[in-house]
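Report on the structure given below.
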Amino acid sequence: MSAAETLTSAVKANAPPAISLERVNKWFGSLHVLRDVNLSVAHGERVVVCGPSGSGKSTLIRCINRLEEHQEGRITVDGIELSDDLKALDAIRREVGMVFQSFNLFPHLTILENCTLAPIWVRKMPKKEAEALAMEYLTRVRIPEQANKYPGQLSGGQQQRVAIARALCMQPKIMLFDEPTSALDPEMIKEVLDTMVMLADTGMTMICVTHEMGFARQVADRVVFMDRGEIVEQGVPETIFNNPQTERLKLFLSQILRGH
Amino acid sequence: MSDVALNENMPNDALPRTAPKRFLGPAAWARENLFSTWWSTAITLALAYLLIRYAVSFVDWAFVNAIWTVPYNAAGQPDASACRDNKGIGACWAIIADKHRFILFGTYPYDEHWRPLLVCMLFVGLYIVSAMRRFWNWRLAVIWAVTLTAIGILMWGGVFGLTYVPQERWGGLPITLILATFGLAFAFPLAILVALGRRSQLPAIKALCVLYVELIRGVPLISLLFMASVMFPLFLPEGINIDKLLRAQIAIILFAGAYLAEVVRGGLQALPKGQYEAADALGLSYWKKTGLIILPQALRLVIPPLVNTFIGFFKDTSLVLIIGIFDLLTAGKTALIEPQWQGFGVEVYITLGLIYFIFCFAMSQYSAGLEAEFNRHRRR
């Protein structure tokens with residue numbers, strides 16, 4: 001590790017984390033999907049979570065904005081602890097943007113309306129201002145010309161870029177990506193990844209669940225490998241990909257690489 | 001950017017062509033669809049024979065041989081003997097000419113018939129305005145409130161120099177429209193709340209909604225109307241008497257509410273979970289999520305069964321005849337009791353059927369248009 005890198009991580013270690021999970025446990029019925037998960041993400045840090053399917057990685061990030069409830073442990077986001085307090089939950093959801101595998105755009109609203117809905121109704125932003133903001137983000141994801149179309153008229157890659165713009169319109173401090181490219185045709189994956197790289201360059205705090213190892217190498221500060229509900233190994237991409245310590249990670253990497 | 005078409009640099013022979021046109025003349029169309037095989041020809045000929053034969057005899061009965069007016073004697077009583085001689089040969093539309101005001105307005109005072117007529121026109125106007133999407137905002141609520149108040153004033157009277165007409169004398173089409181319009185206008189919001197309640201995570205609310213739906217669906221509308229008209233007053237303290245029409249109206253609202261709630265719930269269930277999650281993730285509160293994301297989509301999905309239920313309830317209002325409320329159908333039946341018009345039921349029922357059909361067909365046509373318009377966003 002270079003001196004500069006050591007310094008950055010030291011600074012990050014001292015500042016309060018953007019997200020912290022302490023001994024988080026979760027069960028679906030009798031299935032133990034998260035086992036004593038500890039994770040701390042600093043402001044501005046880009047974390048890629050990978051692992052075989054069913055390893056609990058999606059559940060992990062869905063717990064961060066409480067689309068799933070954890071049953072044991074503490075989750076703190078931007079200094080606010082997740083609890084049954086709905087006010088606190090609303091405050092957290094305002095600051096945490098999420099992008100889903102299946103886009104989940106609202107099909108009855110135009111692209112522009114998809115983007116302005118939450119700023120207008122949650123942030124109480126005037127309509128004009130929200131539309132200007134939405135156009136700005138749509139330009140940044142390079143589809144401003146589609147603003148008045150409906151989601152069904154766009155390709156998968158375009159829809160996912162709209163979904164990213166929609167989340168960004170809430171001006172979140174943290175972005176969660178839940179396998180954003182898994183539902184896309186191969187030729188559309190790149191346009192979405194490019195958008196995510198661009199977002200990473202702005203210094204956004206990001207957690208991405210993805211199998212795109214090229215993306216992980218390019219932007220991740222840290223790669224977290226999960227298997228059977230546990231964090232098995234984590235570290236900078238170089239170490240994780242070139243020097244895996246555990247058998248489980250070695251097996252996973254060999255399967256991923258064989259697939260490519 | 002993959003927005004650019006991938007085959008942009010392909011040679012010209014790969015340019016898209018339009019699909020081949022497939023146009024058939026009427027003769028070719030008939031040959032292909034009606035006379036393609038010998039048994040297809042046989043069925044076509046047999047059906048054509050039956051169709052023409054019965055259509056001709058119906059036209060003969062309903063129009064060619066029909067009697068449109070009958071003479072009136074010195075006492076102003078119609079003389080239906082011509083109709084009686086013509087029975088089985090031609091229709092006697094004279095009964096409609098003679099009794100149409102009674103059928104439409106029942107026992108409402110004859111000189112005041114302009115009031116229920118105006119009420120019917122107000123209702124139709126209300127439907128037309130409600131169907132126009134540019135009124136779909138707060139103005140529609142105001143229009144409804146004003147129109148329904150005006151309808152109440154016109155029917156009851158007692159103010160603005162209008163004579164008071166007690167509810168017992170109302171009858172005919174206004175009763176049908178009042179029961180159907182008020183019924184569905186109140187049942188629909190009730191149904192939405194119950195459908196949402198049935199999916200609530202709060203156990204008490206959920207149990208209450210399930211109980212309501214199952215209880216109401218478990219009994220026939222007739223027994224509910226009986227209960228409203230006979231049993232309900234027994235539970236009221238001495239001296240308090242709720243209007244009979246209002247009691248029937250409440251029974252219809254509760255009944256329609258339970259059925260519509262299940263239709264709406266079907267729509268809620270059909271929405272992908274991702275829509276709820278996306279709304280949650282954006283920080284929308286429960287009511288904003290429901291009002292802006294969930295209901296607009298869920299209700300669009302259930303327009304066909306919703307209109308189906310609406311049409312069903314429009315016609316079911318005729319069941320109030322069993323508790324002695326004088327709706328359109330009852331008025332028609334009563335018109336037939338008069339001695340000189342006995343036996344001309346077919347003509348009256350065809351007319352009544354036509355009135356019901358006009359309202360129901362308008363509903364179904366409107367819903368088809370609405371569906372097409374709402375599904376625009378699905379088109380590519």
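Chain identifiers are assigned alphabetically (A, B, ...) following the order of the sequence lines, protein sequences preceding nucleic acid strands; residue numbering begins at 1 within each chain.
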Would you list the atom pairs, donor with acceptor, under 3.5 Å between side chains in residues 176-186 of chain A and any protein atom, with sequence neighbours excluded?
unit_1   : atom_1 : unit_2   : atom_2 : d
A:Asp178 : OD1    : A:Ser58  : OG     : 2.7
A:Glu179 : OE1    : A:Ser182 : OG     : 2.8

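- Evaluation of the side chain to side chain donor-acceptor pair (under 3.5 Å) rule for B:Glu32 yields B:Arg22 as partners, not counting sequence neighbours.
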Anything under 3.5 Å between a donor and an acceptor, one on a side chain of residues 200-208 of chain A, the other on a protein residue two or more places apart or in another chain? List them.
unit_1   : atom_1 : unit_2   : atom_2 : d
A:Thr202 : OG1    : A:Leu199 : O      : 2.5
A:Thr205 : OG1    : A:Gly44  : N      : 2.8

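- Aromatic ring orientation, B:Phe182 versus B:Phe123: perpendicular (interplanar angle above 60°, classes split at 30° and 60°).
- Taking non-hydrogen atoms and a 4.5 Å limit, the residue list of residues 110-127 of chain A in contact with chain B, ordered by number, reads A:Leu117, A:Ala118, A:Trp121, A:Val122, A:Lys124.
- Checked for salt-bridge contact, A:Lys128 and A:Glu131 miss the test: no charged N lies under 4.0 Å from a carboxylate O.
- Between B:Phe255 and B:Tyr259, the ring center distance clears the sub-6.0 Å criterion.
- With a 4.5 angstrom heavy-atom cutoff, A:Leu105 touches chain B only via backbone atoms.
- Exactly one of A:Met175, A:Arg140, A:Glu136 qualifies for a side-chain contact (heavy atoms from CB on, under 4.5 Å) with A:Leu168. That residue is A:Met175.
- Interface residue A:Phe106: backbone and side-chain heavy atoms are both found under 4.5 Å from chain B.
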